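Note sheet for the following structure.
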Amino acid sequence: MLIRVPPPSRALESEVTPESVYLSRRKLMQGSLALAAMATMPGWARAEAQGLYSNVEPAKAPGWFEEKLAGARWQAITAEGESITPFKDATHYNNFYEFGTGKGDPAANAGKLQVEPWTVMVDGEVSKPGRYSIEDLVKPHAFEERIYRLRCVEAWSMVIPWLGFPLADLLKQVEPTSAARYVRFETLVDRERMPGQRSGFSLIDWPYVEGLRLDEAMHPLAFMAVGMYGRVLPNQNGAPLRLVVPWKYGFKSIKSIVRISLVDEAPKTTWERIAPNEYGFYANVNPQVDHPRWSQATERRLPSGLFSPNVIDTRMFNGYEEVADLYTGMDLARYY
């Protein structure tokens, strides 16, 4: 399904990362030629054939991923005018506290995570509950690539090309009942392979929990990712299945999901329990509502260095203003 994002989602030209930060003029020209060539290629063409991700670290992918990749629709949604964040930055600067609190800890510690086999428990207010293998969850859906802006609550941001399918399609697959009002998600608990869960200094009561209102979850932009940069998800980025909600702060996009529950009341999410005055249930990107300890009016678009800071203005809903109707009549300073 080709989703055309309306004009409010399009990035401003002023947001483009300067080429001097991380690209030579020659590489930029090569990238432009690759994009131009891609426009003439059929939607089923592989990312490797397009040459878009030739510098991305390869990975051995499971059979269910390879089978779907051949029919993927590339650039179903784009971030027009944006430069994609380099793969190394997107995979080595992460928050995934299950593997440690440092930005480099997930990349350093996630290698032992076992993502095959993988199952997801679907329960609560659904007509088709059960423990689903990831193969069964993915099988009915065609892959598409969506290039989304990712805005962290810590005021840094990236632009990432995800591979996956709409969350709404997965929910329709399990048939929510009329009593369902919210969707609750849980991350894996594996203290043997997730050292952050063994830490005596952690404030988190595992498992990590997130949630969405059902109408938010059904919005066409809400996405289940199984890959990025034309390949399977790296462990540190939430393999094998993660949520991507581009108009919300990054902590809402829960990783390594093992449980999805349809419920009638708003679930208490992890950061909401830890610091409710700082992290609300909605967590919509909003430059007019500051974090109690820092401003949300601007962000550092990565890569960004000490002597070459790439600071840009933050946009309401991260630039995805087509979701505004979900919050009509709500005080977004109160429901942050």
Side-chain angles (χ1 to χ4, degrees), residues 11 15 17 21-22 79 82-110 148-160 162 185 187 194 196 199 201-204 208-212 225 228 234 236-238 242-256 269-320 332-333 335-336:
E15 292 182 344
T17 303
V21 177
Y22 67 96
E82 294 275 19
S83 294
I84 291 174
T85 301
F87 178 77
K88 185 173 181 180
D89 291 277
T91 55
H92 287 74
Y93 192 91
N94 308 103
N95 287 327
F96 199 169
Y97 285 5
E98 283 82 349
F99 296 106
T101 57
K103 293 295 186 287
D105 288 347
N109 298 327
Y148 278 160
R149 291 178 288 273
L150 171 68
R151 172 58 155 83
C152 181
V153 73
E154 298 168 347
W156 54 265
S157 62
M158 299 183 182
V159 179
I160 297 177
W162 304 102
F185 303 88
T187 292
M194 291 176 150
S199 172
F201 298 99
S202 175
L203 298 176
I204 296 177
Y208 188 90
V209 173
E210 260 307 335
L212 297 171
M228 58 191 292
Q236 64 265 32
N237 290 89
R242 66 167 290 165
L243 178 66
V244 182
V245 192
W247 70 92
K248 294 179 178 287
Y249 291 119
F251 67 86
K252 296 292 290 185
S253 293
I254 187 170
K255 305 176 182 75
S256 300
T269 62
T270 290
W271 284 108
E272 191 182 11
R273 291 197 306 263
I274 293 172
N277 62 316
E278 297 187 5
Y279 306 102
F281 175 81
Y282 286 95
N284 292 318
V285 176
N286 189 342
Q288 300 175 12
V289 177
D290 290 337
H291 187 279
R293 291 180 279 132
W294 56 80
S295 170
Q296 296 289 18
T298 61
E299 63 202 66
R300 290 185 301 113
R301 174 62 56 80
L302 300 182
S304 177
L306 179 63
F307 300 106
S308 57
N310 186 22
V311 178
I312 61 175
D313 290 337
T314 291
R315 299 165 65 184
M316 187 66 197
F317 299 119
N318 203 22
Y320 298 96
L332 296 184
Y335 297 103
Y336 53 91

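Treat the numbers as computed from the prediction; the structure is a model and nothing was measured. The first residue in the sequence is number 1, and the count goes up from there.
Residues R151 and M158 form no side-chain contact, since every pair of their non-hydrogen atoms from C-beta on lies 4.5 Å or further apart. Side-chain contact between Y148 and I160 is absent, with no heavy-atom pair separated by less than 4.5 Å. Side-chain contact between L302 and S157 is absent, with no heavy atoms from C-beta onward closer than 4.5 Å. At a threshold of 4.5 Å between non-hydrogen side-chain atoms, the residues N237 and M228 count as touching. Side-chain contact between F185 and V209: absent, with no pair of heavy atoms (C-beta onward) separated by less than 4.5 Å. You'll find the side chain of E299 stays beyond 4.5 Å of the side chain of W156, heavy atoms only. A 4.5 Å side-chain heavy-atom check between V289 and L332 finds every atom pair outside the cut-off. Two residues are said to be in side-chain contact when any heavy atoms from C-beta on lie closer than 4.5 Å; Y93 and C152 fail this criterion.
Considering every non-hydrogen atom in both Q236 and A107, the closest pair reads CB-N, 3.7 Å. The shortest non-hydrogen separation linking F99 to A110 is CE2-CA, 3.6 Å. Summarising the geometry of L243 relative to S253, their closest heavy-atom pair is O-CB, 3.0 Å, with the distance given to 0.1 Å. The minimum heavy-atom distance between K252 and G211, with the atom names listed, is NZ-O, 2.8 Å.
When the ring-ring contact (aromatic ring centres under 6.0 Å, His included) test is applied to Y279, the partners found at least two apart in sequence or on another chain are F251, W271, H291. E272 is linked by a side-chain contact (heavy atoms from CB on, under 4.5 Å) to K268, T269, F281, counting only residues two or more places apart in sequence or in another chain.
Classification of E154 and K103 as a salt-bridged pair holds, one side-chain N sitting under 4.0 Å from a carboxylate O. With respect to the salt-bridge test (charged N to carboxylate O, under 4.0 angstrom), the residues R301 and E82 qualify.
Both tests do not hold together for R242 against F96: distance to the six-membered ring centre under 6.0 Å, angle to the ring axis within 45°.
Distance OG/S202 to OH/Y97: 9.5 Å, rounded to 0.5 Å. Note that CE of M316 is 12.5 Å distant from CH2 of W247, once rounded to the nearest 0.5 Å. Put simply, OG1 on T270 and CD1 on I204 are 6.0 Å apart, with the number rounded to the nearest 0.5 Å.
Judged by distance alone, with hydrogens and angles left aside, the side-chain atoms of N286 form no donor-acceptor pair with the main-chain N or O of A333 at under 3.5 Å. Side chain of D105 to backbone of T101: a donor-acceptor contact under 3.5 angstrom is found. Within the 3.5 Å criterion, the main-chain N or O of I312 finds no donor-acceptor partner in the side chain of T298.
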